Participant: 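Following this message is one structure expressed as structure tokens.
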Amino acid sequence: GKVPAGSILASAPSDRNLDAWRESGCRTTHCNLEVLQESTLVFLATKPHVLPGVLQEIRPAVGPHHVVVSMAAGVSLQTLQRLLPAGTKVLRLMANLPCVVQAGAMVFARGGCAGDGEAALLKSLLSSCGLCEEVPESYINIHTGLSGSGVAYVYLFAEALAEGAVKMGMPGGLANRIAAQTLLGAAKMLLETGEHPAKLRGEVCTPGGTTIHALHQLEKGALRATVMNAVEAATNRACDVAKD
Amino acid sequence: LQKIGVNFTVSNKDTVKSSDVLFLAVKPPIIPFILEEVGPDIEPRHIVVSCAAGVTISSIEKKLSAFCPTPKVIRCMTNTPVIVREGATVYATGTHADVEDGKLLEQLMASVGFCTEVEEDLIDAVTGLSGSGPAYAFTALDALADGGVKMGLPRRLAVRLGAQALLGAAKMLLESEQHPGQLKDNVCSPGGATIHALHFLESGGFRSLLINAVEASCIRTRELQHVADQEKISPAAIKKTLLDKVKQESPSLSVTSANKVSLFSSRSPSSKKN
């Protein structure tokens, strides 16, 4: 997006994940410390259980000029700040999968030493991948339940829509494409009109028509409560996992 | 009715002769017999307004056309809160009722709440929604009060607060441009009490229960209309059972007052007697 590929250095233990970076024109290395030496803004994108070890490794090379952004699920700002030198500017980021198609939803929270400048920088850079908002750290687990996992709920819904169409006689491939486009279109209308979803829903429902009949089925199945349950379950799980 | 100065008679004929607008407020199976009885006295000036659920304009016009070539018929559906001037009334005009006849009725009924014209084929749906609606609300209020009592409120206070909450919410909705969904959101602070409660409602399928209720009431109205059309009940049988019932309930009442026709004695809207 906003940064030339040549200015990006990616580090990983093996080449397995580095090929994709090289193909985009980024530089790569197997040495984490090199990243700290060459870069100001550092993203930590390891699995949560690996992170403490990596932090120990890079700690000597972290200075007051660095901006460290952790993407590890469940690792709190408190933990990050504890494992890095005092005064380090730390931020915590939670993204979701559609970042890879520049339609992601990301939230970040700043640690005690990260200021407006760092927050603005991060927001500006990440906005090229989708929606990016600063939040209090307590919202991060909720974001997981809503949007991190939420992507899977949408896939499930899309699959079910398509199956309904197949049952009624449409070929599967076509049904899948139309289901996806329907979700995309509805989401786009929500985002672009800024209208309340209930209002947009009402506008699709002609009296006695097909839509209201279908919605009644959804209400009978308590879809709303089920979805609320899902978000709650994922959020609670995120909290539990973070405690471990 | 007599207390507020309304003239009272036990003669349907007298009522028809001295009125211009006739409200037929009897039970649907009785309508055909009332129409037979008053038919001969119906004149072109009369506006016959039927409030009987499920009785179609065409069935009334058919019955009256034996006596009068162009009977003015209006069908209306109202609800019980007219008693407190917060009724919900709709009306549909028949073949020979003019626009001004409809407007007259609208003015009259607007004095006891909301009133608007609709296509006749929507009246069953209106019955399901606002006709039966007060019953849904009473049920909800009873239950809300139970909830209050469970959590420690005295019953009277619980009922009072529950009713005021619904009244206030309805008023907000009517006076606001906003969608009820938005108004709901405005009450739900993040992680707060209300959203927790709403989750319970959703889990119970609250919304679908209400949709089901409106649908059931509407469908039943249509079924009853179908039965009424068939006129399976014999005249003698009807009058006898009704007479028996009236005799049991209020022995002092004159028997003919079982057939009630409300009356408005003048055509001018200024003489609203409610």
Side-chain angles (χ1 to χ4, degrees), chain A residues 107 109 133-147 150 153 157 186 189-191 193-236 238-239, chain B residues 77 90 92 116-130 136 140 169 172-174 176-219 221-222:
Chain A
V107 297
E133 301 277 354
E134 182 177 357
V135 299
E137 192 176 13
S138 60
Y139 291 6
I140 290 188
N141 289 333
I142 307 173
H143 176 75
T144 302
L146 167 60
S147 183
Y153 320 158
F157 192 66
M189 283 196 69
L190 264 173
L191 289 170
T193 65
E195 297 273 21
H196 195 283
K199 180 157 188 262
L200 290 174
R201 171 173 49 88
E203 283 166 11
V204 187
C205 294
T206 43
T210 61
T211 310
I212 191 70
H213 273 75
L215 282 175
H216 192 183
Q217 289 300 320
L218 293 177
E219 297 288 4
K220 279 184 191 171
L223 176 67
R224 291 172 184 261
T226 309
V227 172
M228 287 176 81
N229 291 344
V231 174
E232 188 174 341
T235 304
N236 285 340
C239 295
Chain B
M77 165 55 57
V90 300
T116 191
E117 184 178 7
V118 296
E119 296 292 325
E120 189 182 10
D121 61 0
L122 294 184
I123 291 188
D124 297 331
V126 172
T127 307
L129 173 57
S130 56
Y136 316 154
M172 276 183 78
L173 181 57
L174 288 171
S176 162
E177 301 274 290
Q178 293 184 308
H179 193 283
Q182 180 65 62
L183 291 170
K184 161 185 60 83
D185 284 359
N186 294 346
V187 187
C188 292
S189 39
T194 310
I195 190 70
H196 271 73
L198 278 182
H199 193 180
F200 264 99
L201 288 179
E202 296 290 3
S203 298
F206 184 58
R207 291 172 185 257
S208 83
L209 285 178
L210 291 171
I211 298 173
N212 292 348
V214 174
E215 186 177 38
S217 173
C218 175
I219 289 175
T221 306
R222 291 183 192 148

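Chain letters run A, B, ... following the sequence lines, proteins first and then strands; every chain starts at 1. Since this is a predicted model, take the numbers as computed values, not measurements.
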Participant: Donor-acceptor pairs under 3.5 Å, chain B to chain A, main chain and side chains both?
Facilitator:
from      : atom 1 : to        : atom 2 : distance (Å)
His179(B) : NE2    : Ala198(A) : O      : 3.2
Gly181(B) : O      : His196(A) : NE2    : 3.3
Asp185(B) : OD2    : His196(A) : NE2    : 2.5
His199(B) : NE2    : Ala225(A) : O      : 3.4
His199(B) : NE2    : Asn229(A) : OD1    : 2.6
Asn212(B) : OD1    : His216(A) : NE2    : 2.5

Participant: Applying side-chain contact (heavy atoms from CB on, under 4.5 Å), can you list everything that pairs with Ala125(B), at least two apart in sequence or on another chain?
Facilitator: Cys218(B)

Participant: Got Leu190(A) and Pro197(A) here, is their nearest side-chain heavy-atom distance under 4.5 Å?
Facilitator: yes

Participant: Please name the pair of heavy atoms, one in Leu129(B) and one in Tyr136(B), separated by the smallest distance, quoted to 0.1 Å.
Facilitator: O-CE1, 4.1 Å

Participant: Under 4.5 Å from any heavy atom of chain A, what part of Leu122(B) do you find: side chain, backbone, both or neither?
Facilitator: neither

Participant: How would you list, by chain and number, every residue that makes a side-chain contact (heavy atoms from CB on, under 4.5 Å) with Glu117(B), sequence neighbours excluded?
Facilitator: Tyr91(B), Thr93(B)

Participant: Using a 4.5 angstrom heavy-atom cutoff, name the option from Gly208(A), Pro207(A), Ala198(A) with the most pairs to chain B.
Facilitator: Ala198(A)

Participant: side-chain contact (heavy atoms from CB on, under 4.5 Å) with Val126(B): which of Val214(B), Val90(B), Thr116(B)?
Facilitator: Val90(B)

Participant: Run the side-chain contact (heavy atoms from CB on, under 4.5 Å) test against Ile212(A) and tell me which residues pass, sequence neighbours left out.
Facilitator: Cys205(A)

Participant: Of all heavy-atom pairs between Val118(B) and Ile123(B), which one has the smallest distance, and what is that distance?
Facilitator: CG2-CG1, 3.9 Å

